[in-house]
Amino acid sequence: MLDLRETTSDLDAVRAALGRRGFTDDALFAELASLAEKRREVIQARESLQQERNEASQAMGRIADKKSAEFQEKREALKGLGERVKGLEAEARDVEARLGALMLSLPNLPHESTPEGLDESANVVLRTVGDKPELGFEAKDHVALAEGLGLLDLERARKISGARFVVLRGMGARLERALAQLMLDVHVDAHGYDEVSVPSLVKDASLLGTSQLPKFEDDLFKIARHEALEAVQDGDERGPDLYLIPTGEVPVTNLHADEILDAASLPLGYVARTQCFRSEAGSYGKDTRGMIRVHEFQKVELVRFVHPEEALEEHALLVAHAEAILQRLGLHYRAVELCAGDLGFGAHKCIDLEVWLPGQQAYREISSCSWFGDFQARRMKARFRPASDAAAKGSGGKKKPKPQLLHTINGSGLAVGRTLVALLEQYQREDGSVALPEALQPYVGGRTELTP
RNA sequence: GGAGAGCUGGCCGAGCGGUCGAAGGCGUCUGAUUCGAAAUCAGAUGUACUCGUGAGGGUACCGUGGGUUCGAAUCCCACGCUCUCCGCCA
């Protein structure tokens, strides 16, 4: 969420910044401006009436004899004041709720370094690492390879769960496990992240915090609990209130919701392997084959909580951490800076890592590393207290600095399933066997290749 | 599934219609003491909104929403969340 005061005090700047990402809605901005003004008026009216009520009631309290005629008289005189206060309170709440809903619907402002452009064609390739493997034969795709090697059983996945689910077997299952473990080990031991193991089901408030809700409910799987179901059947408005996480970002980022952290504890870095669930509504016909786009997959997620002044460098650092995995595995990939129009809803700046898939002759996203500025932190109320700095010391002031919103950064490090796909496709041999990179070998019992 | 308890400031925890933004403790900060530190003593220490150039003023917040009342952290109702015990279960 954007800051209300900053947004309304310079609405044109916000409109221009959001315009960069193709977000234009004049009616919305007009309503925002008028609601913001209305809000001030109502707040002022409410507060002055509250003050009147408080002063009168306190005067009542000071009258010793509650049975006196004076007391009775004053009480009569005050009847109705409370009602008027309540009326204004309700009005203020209504205005603030409408304004809040509008603010929640605004995406984040792109960072100044974010390239111009309205769709992915304007994304900028920052660097390409490694080379496309020269196979010398026609590349098979991961489905053909995996089925040839007995790693993948899509038919049975369909039987037990339906389309867009995957069953891995034998070395397929083991490779998934090995990859996740390699990733976790590198991030913990080499990059200094704290490993956490977190729930796959979260409350709506958590999804609101990381900005999957309220706008992207259709992308999520909801869990209907019995009580909640009954409430719905009884005509109650309340819906199910637990969701399957679409990414580890949600539970991990919300670890510090509603907290005020010590400045000295920053930056904080967490890594988690989680199951991820996506409804993939609206992606009919896209990537229907194999394990590129499925309802359930594993991902190793990196999340950093950082000081705003260090955020830009911290973002680059997280990208480097994710890249390190690709490099250890010897996978050819490129880093792409998303243009303003391709940014995710909450992102301030975003760099995608795209791995080369010979079977598709295309680069495919394997990690998306976003810097959210204070967009998520404001929704989550995740703050830190700055260290008392030299300025305060010099002036002899002993005021504690005010809490300030953190910046959040996250990215996959990496999507496990897609890493497996890339591995198979890039290391494939003409006979359908697949070599295994050295870094992975200790995790698969020393095996150096997969053979049919 | 059954029974019960609770939700108060950075944390713990008292309060149970007006004098309560809220005792006390812990933590933190400042000062005294010290060669320095620990210990001790004294003082300070919530968040947000709003008015004001400023100094400063006002308002809200004791899980959330509603009700009773001149007045609610305190009473009533609903909801949410957390916890405990029993049952079931990885």
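FYI, side chains are in, hydrogens and waters are out, and symmetry mates aren't considered; it's all heavy atoms of this structure. Order of the sequence lines fixes the chain letters, A, B, ..., with proteins taken first and strands second; residue numbering starts at 1 for each chain.
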Identity of whatever pairs with B:rG52 - Watson-Crick or G-U, under 3.5 angstrom: none
Base partner of B:rU45, which must satisfy Watson-Crick or wobble distances under 3.5 Å: B:rG27
Integer-rounded Å distance: B:rU50 P and A:Lys38 NZ: 16 Å
Test log, rule ring-ring contact (aromatic ring centres under 6.0 Å, His included), inputs A:His407 and A:Phe375: CA-CA 8 Å; A:His407 279 202; A:Phe375 192 83; over 10 Å; no
Sugar-phosphate only, base, or nothing, as touched by A:Gln50 at under 4.0 Å among non-hydrogen atoms: sugar-phosphate
Under 3.5 Å on both distances, the Watson-Crick or G-U partner of B:rU34: none
Partner nucleotide of B:rG1 by Watson-Crick or wobble geometry (both distances under 3.5 Å): B:rC86
Between P of B:rG71 and CZ of A:Arg75, the distance in whole Å: 10 Å
Side-chain N,O (A:Arg53) to OP1/OP2 (B:rA60) below 4.0 Å: yes
Nucleotide nearest A:Arg383 when distance is taken to its side chain, options B:rU82, B:rU47, B:rU50: B:rU47
Atom pair distance, as rounded to whole Å: CD in A:Glu76 and C1' in B:rC70: 10 Å
Between B:rC61 (C1') and A:Ile43 (CD1): distance, integer Å: 14 Å
Between C1' of B:rU69 and CD of A:Gln72, the distance in whole Å: 13 Å
B:rC81 - base-pair partner by Watson-Crick or wobble geometry, distances under 3.5 Å: B:rG6
N or O in side chain of A:Arg93 less than 4.0 angstrom from B:rA60 OP1/OP2: no
A:Leu78 side chain, from C-beta outward: closest of B:rC70, B:rU50, B:rG10: B:rC70
Watson-Crick or G-U wobble partner of B:rA39, both distances under 3.5 Å: none
Watson-Crick/G-U partner (both atom distances under 3.5 Å) of B:rC16: none
Candidates B:rG65, B:rC49, B:rG71 - which lies nearest the side chain of A:Ser57: B:rG71
A:Glu47, nearest nucleotide to its side chain (from B:rU59, B:rU82, B:rA60): B:rU59
Whole-Å gap separating P (B:rA60) and CD (A:Glu96): 14 Å
Upstream residue (5' side of RNA chain B) when A:Ala56 and A:Glu89 are each assigned their closest nucleotide: A:Glu89
Sugar-phosphate, base or nothing in reach of A:Lys79, heavy atoms under 4.0 Å: sugar-phosphate
B:rG71 pairs with, by Watson-Crick or G-U criteria that keep both distances under 3.5 Å: none
A:Gln51 side-chain N/O to B:rG58 phosphate OP1/OP2 under 4.0 Å: no
Any donor-acceptor N/O pair, A:Asp3 side chain to A:Glu6 backbone, under 3.5 Å: yes
Lys NZ or Arg CZ of A:Arg278 over A:Phe297 ring: under 6.0 Å, within 45°: no
Any A:Asn54 side-chain N or O less than 4.0 Å from OP1/OP2 of B:rC70: no
Base B:rU69 paired with A:Lys86 side chain (donor-acceptor, <3.5 Å): yes
Rounded distance (Å) that lies between atom P of B:rG63 and atom NZ of A:Lys381: 16 Å
Distance test, side-chain N/O of A:Arg46 to OP1/OP2 of B:rG58, below 4.0 Å: no
Same-atom distance (C1') from B:rG43 to B:rA5, integer angstrom: 40 Å
4.5 Å side-chain heavy-atom contact, A:Val188 and A:Val271: yes
A:His348 side-chain N/O to A:Leu109 backbone N/O, donor-acceptor pair under 3.5 Å: yes
Toward the 5' end of RNA chain B, by each residue's nearest nucleotide, A:Glu83 or A:Pro403: A:Pro403
Short side-chain N/O contact from A:Arg40 to OP1 or OP2 of B:rC51, under 4.0 Å: yes
Closest to the A:Phe71 side chain, choosing from B:rC51, B:rG18, B:rC49: B:rG18
A:Asp3 CG to B:rA48 C1', straight-line distance once rounded to whole Å: 12 Å
Nearest listed nucleotide, side chain of A:Arg39, among B:rG10, B:rU50, B:rG18: B:rU50
Donor-acceptor under 3.5 Å (A:His142 side chain, A:Met291 main chain): yes
Flag, side chain of A:Ser206 to backbone of A:Val202, donor-acceptor distance under 3.5 Å: no
